[in-house]
Amino acid sequence: MRKSLFLALPLLFALTLLPRTCLAWGATGHMVVAQIAYDRLTPGAQKWANGLLKNLDAPKNVQRSFVQAATWPDQLKGFGISVYNAWHYTNIPLETENVVAPCDAAPAINVVWAIQQSQYVLDTTLATPSQKSLFLSFLIHFVGDLHQPLHSTSMYSIANKKGDLGGNKFALNDKDNDNLHSLWDDGCGYFDTYGKIKADSGNWQVKIKSIASAVTLAYPAATITDLQNLSPKVWANESHVYAVSTGFQGFQSAGLMIKPNDSPSVTYLQSAQKVVGMRLATAGYRLATILNAIYAKRQGK
């Protein structure tokens with residue numbers, strides 16, 4: 001099945017997918033995940049990854065460093081390319097208020113599938129350097145996406161009987177983020193003290209390295225449960241658990257802490273930020289493990 005990918009790509013470009021906001025973590029979060037991973041790559045794996053990204057088929061003004069490449073899959077949408085949109089998320093249903101999700105609620109082509117395909121392309125001898133560079137940027141990005149809890153889950157309720165698309169239809173009364181998905185993409189305030197960071201700004205490296213150091217200091221690898229489990233399906237279920245317990249907090253219990261059109265409370269944000277930090281660290285650690293393993297395997301071929 002995996003070898004059908006290259007044949008399928010031209011067909012995929014001919015399709016029009018339903019639009020969806022899918023900027024998990026925003027540029028800052030994605031670059032933090034990439035920085036955490038890059039710092040843990042072996043010297044050989046760093047050289048291999050850097051070499052691949054020189055082949056990234058991007059405009060001349062788009063930077064190709066490992067950390068900046070984490071933002072490329074979202075930048076593609078700015079060029080009107082929406083064919084990859086469904087690769088950024090999966091919709092595990094959260095059924096509330098006696099509303100039942102349809103049987104096909106979770107798409108078959110999703111972020112779990114995209115991560116698996118990206119790993120295959122990086123490992124196969126069939127792919128060209130240009131294809132490998134694209135799928136390396138995809139892997140960096142999608143591992144981050146899948147660790148953002150609201151990229152795993154769509155809540156079904158009386159207000160949104162067809163699902164709220166990972167909180168995109170869960171409206172908030174907030175000056176910076178008008179829906180729950182956007183709030184979590186923004187780290188629930190986790191990055192606020194650092195200000196806005198852009199991948200092409202002059203000072204992004206200092207800020208991203210500072211955030212990455214703070215994240216790994218607060219959430220060292222030894223403290224993260226099941227860190228060595230490298231199954232994207234498991235990651236999706238982990239994120240779903242956090243989406244239910246923290247993102248849509250209380251919708252299945254009496255302790256409701258957030259509801260549509262609310263302003264997020266300090267208590268909610270504090271709870272959410274703990275999850276944000278831990279998931280950023282987890283994504284970075286796991287991404288490094290995957291890439292080190294692929295590089296080591298390629299050396300033996």
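Along the sequence shown, residues are numbered consecutively beginning with 1. Basis for what follows: all heavy atoms, side chains included, without hydrogens, waters or symmetry-related copies.
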Thr124 (side chain) donor-acceptor with Val121 (main chain) under 3.5 angstrom
no
Identify the two heavy atoms, one from Pro232 and one from Gln119, that lie closest to each other, and give their separation to 0.1 Å.
CG-OE1, 4.4 Å
Measure from the side-chain N and O atoms of Ser265 to the backbone N and O of Tyr268, and report whether any donor-acceptor pair falls under 3.5 Å.
yes
Rounded to the nearest 0.5 angstrom, the CG-CG distance for Leu183 and Leu269 is 6.0 Å
Within a reach of under 6.0 Å around CG of Asp226, are more than 12 heavy atoms found that belong to other residues, nucleotides or ligands?
yes
Working to the nearest 0.5 angstrom, can you tell me the gap between Thr193 OG1 and Phe191 CZ?
10.0 Å
Determine yes or no for a side-chain-to-main-chain donor-acceptor pair under 3.5 angstrom, with Asp262 supplying the side chain and Pro264 the backbone.
no
Any donor and acceptor pair, going by atom type alone, linking the side chain of Lys77 with main-chain N or O of Ser82 inside 3.5 Å?
no
Test side-chain contact (heavy atoms from CB on, under 4.5 Å) applied to Thr246 and Trp184, step by step:
CA-CA 11 Å; Thr246 309; Trp184 277 79; 3.9 Å; yes
Specify whether Trp87 and Trp113 have parallel, tilted or perpendicular ring planes, treating 30° as the upper limit for parallel and 60° as the lower limit for perpendicular.
perpendicular
Would you call the rings of Phe170 and Phe248 parallel, tilted or perpendicular, taking 30° and 60° as the class edges?
tilted
State, without any angle test, whether Thr90 and Asn110 hold a side-chain donor-acceptor pair at a distance under 3.5 Å.
yes
Is the ring pair His151/His181 parallel, tilted or perpendicular, if the boundaries are 30 and 60 degrees?
tilted
For His147 and Leu280, run side-chain contact (heavy atoms from CB on, under 4.5 Å): C-alpha distance rounded to whole Å, both residues' side-chain angles, the deciding distance at 0.1 Å, then the answer.
CA-CA 7 Å; His147 284 78; Leu280 289 169; over 6 Å; no
Have Thr153 and His240 got a donor and an acceptor in their side chains that come within less than 3.5 Å?
yes
Going through the checks in order, is the side-chain contact (heavy atoms from CB on, under 4.5 Å) test met by Asn168 and Tyr89?
CA-CA 12 Å; Asn168 276 296; Tyr89 63 92; over 6 Å; no
Look at the side chain of Trp235 and the backbone N and O of Asn229, then say whether any donor-acceptor pair between them is shorter than 3.5 Å.
yes
So, the side chain of Asp74 versus the backbone of Ala27: is there a donor-acceptor pair under 3.5 Å, distance only?
no
Within this structure, what is the CG-CH2 distance for the pair Leu76 and Trp72, rounded to the nearest 0.5 Å?
5.0 Å
Kindly give the cluster partners of Val99, where membership spreads through any ILVMFWY side chain lying under 4.5 Å from a current member.
Tyr156, Ile158
Test item: Tyr194 and Ile211 side chains (from C-beta on) under 4.5 Å apart, heavy atoms:
yes
Quick one, Asn261 and Leu172 - any side-chain contact, counting heavy atoms below 4.5 Å?
no
Do Ser182 and Asn177 have side-chain atoms, one donor and one acceptor, less than 3.5 Å apart?
yes
Close side-chain approach of Asp164 to Asn179, heavy-atom, < 4.5 Å:
no
Separation between CD1 (Ile290) and CG (Leu41), nearest 0.5 Å, reads 11.5 Å
Gap between atom OG of Ser271 and atom CD1 of Ile258 - 0.5 Å precision:
10.5 Å
Would His88 and His141 count as a side-chain contact (heavy atoms from CB on, under 4.5 Å) here? Give the steps.
CA-CA 8 Å; His88 293 251; His141 186 91; 3.3 Å; yes
Given side chains that start at C-beta, do those of Ile208 and Val32 come closer than 4.5 Å, heavy atoms only?
yes
Taking the side chain as C-beta and beyond, is there a heavy-atom pair between His30 and Asp145 under 4.5 Å?
yes
Would a 4.5 Å heavy-atom cut-off, applied to side chains only, mark Thr125 and Arg298 as touching?
yes
Transitively linked via ILVMFWY side-chain contacts under 4.5 Å: Leu136 with Leu230?
yes
Give a yes or no on whether Val276 and Leu227 share a hydrophobic cluster (residues Ile, Leu, Val, Met, Phe, Trp, Tyr; joining criterion: side-chain heavy atoms under 4.5 Å apart).
yes
Ignoring hydrogens, what is the shortest heavy-atom contact between Ile224 and Met278? Give both atom names and the distance.
CD1-O, 4.3 Å
Closest heavy-atom pair, Leu165 versus Asn91, reported as atoms and distance to 0.1 Å, is CD2-ND2, 4.4 Å
So if you build clusters from Ile, Leu, Val, Met, Phe, Trp, Tyr with side-chain heavy-atom gaps below 4.5 Å, do Ile109 and Val111 land together?
yes
Between Tyr38 and Ile140, is any pair of side-chain heavy atoms under 4.5 Å apart?
no
Could you tell me if the side chain of Gln35 sits less than 4.5 Å from the side chain of Lys209, heavy atoms only?
yes
Asn160 side-chain N/O to Ser154 backbone N/O, donor-acceptor pair under 3.5 Å
no
Ignoring hydrogens, what is the shortest heavy-atom contact between Ser118 and Phe138? Give both atom names and the distance.
OG-CB, 3.7 Å
If hydrophobic clusters are built by linking Ile, Leu, Val, Met, Phe, Trp and Tyr wherever their side-chain heavy atoms come under 4.5 Å apart, do Leu134 and Phe79 end up in the same one?
yes
Check for a donor-acceptor pair, side chain of Thr216 on one end and backbone N or O of Ala212 on the other, with a separation under 3.5 Å.
yes
Do other residues, nucleotides or ligands put more than 12 heavy atoms under 6.0 Å from the NZ atom of Lys207?
yes
Is Ile294 reachable from Val112 through a run of hydrophobic residues whose side-chain heavy atoms are each under 4.5 Å from the next?
yes
Could you measure the distance from the CG atom of Asn173 to the OG atom of Ser263? Nearest 0.5 Å is fine.
3.5 Å
Please give me the minimum heavy-atom distance between Tyr219 and Lys274, naming the atom from each residue.
OH-O, 3.2 Å
Hey, is the main chain of Ala236 close enough, under 3.5 Å, to the side chain of Ser239 for a donor-acceptor pair?
no
Shortest non-hydrogen pair, Trp204 vs Gln68, comes out as NE1-NE2, 3.4 Å
Under the 3.5 angstrom rule, does the side chain of Gln273 hit a backbone N or O of Cys188 as a donor-acceptor pair?
yes
